[in-house]
2 protein chains.
Amino acid sequence: MATMTAAERRARAREEYDAFLKGCPTNQLLDRISDKWVSLVVSALAAGPMRYSDLGRRIAGVSAKMLTQTLRSLERDGIVTRTVTPSVPVRVDYELTPLGASLSALLVAVKDWAELHISEVDEARERYDASASSASSASSASSASSAS
Amino acid sequence: MATMTAAERRARAREEYDAFLKGCPTNQLLDRISDKWVSLVVSALAAGPMRYSDLGRRIAGVSAKMLTQTLRSLERDGIVTRTVTPSVPVRVDYELTPLGASLSALLVAVKDWAELHISEVDEARERYDASASSASSASSASSASSAS
DNA sequence: CCGCATCCCCAACGATACTG
DNA sequence: CAGTATCGTTGGGGATGCGG
């Protein structure tokens with residue numbers, strides 16, 4: 001058992017990885033941030049406080065479950081505040097904390113990057129797809145569907 | 001059918017959402033970026049070109065499958081370049097493109113943010129957990145496991 | 001050494017129904 | 001209106017084995 005296959009080393013690495021991540025808050029946070037719904041919620045709230053149902057409508061394809069779940073975790077992390085107004089139909093508002101606002105600035109930067117460079121990415125994709133198909137059949141140069 | 005329940009509206013919204021996303025490149029890209037492995041790979045490559053196996057070791061808990069998959073999509077998007085050296089054991093190097101480098105700058109910013117604010121987040125979590133447990137049983141204050 | 005194909009599992013998500 | 005609990009599905013992703 002002195003020799004270790006690459007697979008075994010990977011398995012080992014994974015165990016260490018798990019343990020490592022437990023104690024590595026940065027990665028926890030990185031994980032949290034690279035969640036699809038988190039970025040959408042934070043972006044939506046960047047414009048100002050919103051009610052729960054407003055968020056549900058604003059974000060469109062989100063289920064109530066995920067919305068609540070996401071908001072809960074963000075609240076727990078001190079990214080948003082949750083304010084309950086006990087009127088006859090209960091009203092709940094969510095708002096970015098200063099901490100959340102500083103984060104939203106970064107996410108906005110990423111969004112801006114995406115908008116700025118989307119054309120380059122599209123071109124790269126077309127080139128990649130074209131060369132990939134020409135690899136199997138060098139004759140026909142297929143034109144990838146161009147972006148809108 | 002004039003009246004629509006919230007659930008029905010959600011289902012509708014989801015259809016529109018799908019169609020909408022097809023034509024919205026920004027969201028495609030946002031999706032791609034908010035992938036766990038993507039951020040790790042791009043961060044790793046920010047330090048300079050690396051071989052496939054180096055990346056595998058550097059990133060630790062990644063499987064060969066996900067590493068390849070991630071690198072492929074990044075290559076397709078023009079974020080990294082893939083250079084094959086046909087030596088006896090094949091050697092493959094990956095490197096950030098200028099486009100990828102500009103993206104990595106943002107991801108590094110996010111990472112810096114995480115490192116800078118992790119303590120605030122931790123405090124917020126402890127506060128949240130403490131108040132949550134005191135809500136059900138005001139007497140026993142359970143101490144949340146503190147971070148390292 | 002690189003990476004693709006296959007199988008398989010589980011946790012994440014959506015839908016639904018029910019409380020305050 | 002806001003949130004919880006439960007169940008069913010699905011696809012992400014890990015393990016393995018082969019091919020270049």
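Throughout, protein chains are lettered first and strands after them, A, B, ... in sequence-line order, and every chain is numbered starting at 1.
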Is it the case that the side chain of B:Ser104 and the backbone of B:Ser43 share a donor-acceptor pair, with hydrogens and angles ignored and the cut-off at 3.5 Å? no
Please tell me which of B:Met66 and A:Val84 maps to the more 5' nucleotide of DNA chain D, matching each residue to the nucleotide holding its nearest heavy atom. A:Val84
Could you check how far CG of B:Leu71 sits from P of C:dC4, rounded to whole Å? 10 Å
Atom CG of A:Asp35 and atom P of C:dA11 are separated, to the nearest Å, by 17 Å
When the nearest nucleotide of DNA chain D is assigned to A:Val90 and to A:Lys65 on a heavy-atom basis, which residue is associated with the more 5' position? A:Val90
Grab the CG-C1' distance between A:Asp31 and D:dG13 for me, whole Å please. 14 Å
Quick check: do B:Ile33 and B:Leu107 have side-chain heavy atoms less than 4.5 Å from each other? yes
Return no unless some side-chain N or O of B:Thr68 is found under 4.0 Å from OP1 or OP2 of C:dC4. no
So, does A:Tyr94 get its side chain near the phosphate of D:dG3, meaning an N or O under 4.0 Å from OP1 or OP2? yes
Counting only side-chain nitrogens and oxygens, does B:Arg51 get under 4.0 Å of the OP1 or OP2 atom of C:dC1? no
Just how far, in rounded Å, is C1' of D:dG3 from CG of A:Asp93? 15 Å
So which nucleotide from C:dG3, C:dC13, D:dT4 ends up closest to the side chain of B:Arg72? C:dG3
Does B:Tyr52 reach the main-chain N or O of B:Ala64 with its side chain, forming a donor-acceptor pair under 3.5 Å? yes
Can you tell me how far the CE atom of B:Met50 sits from the CG atom of B:Leu71, to the nearest 0.5 Å? 10.5 Å
For C:dC2, does OP1 or OP2 lie under 4.0 Å from any side-chain N or O of B:Arg82? no
Length of the line joining B:Ile59:CD1 and D:dG13:C1', which is rounded to integer Å: 15 Å
Rounded to whole angstrom units, what separation is found between the CD atom of B:Gln69 and the P atom of C:dC4? 10 Å
Using whole Å, report how far CZ of B:Arg57 lies from P of C:dC1. 8 Å
Indicate if A:Val110 and A:Leu99 have the same hydrophobic cluster label, given that clusters are the connected sets of ILVMFWY residues with side-chain heavy-atom separations under 4.5 angstrom. yes
Think B:Ser63 has a side-chain N or O under 4.0 angstrom from the OP1 or OP2 of D:dA15? no
In whole angstrom, what separates A:Leu55's CG from D:dG3's P? 10 Å
Heavy atoms from C-beta onward define the side chain here; which of C:dG14, C:dC2, D:dG3 lies closest to that of A:Trp37? C:dG14
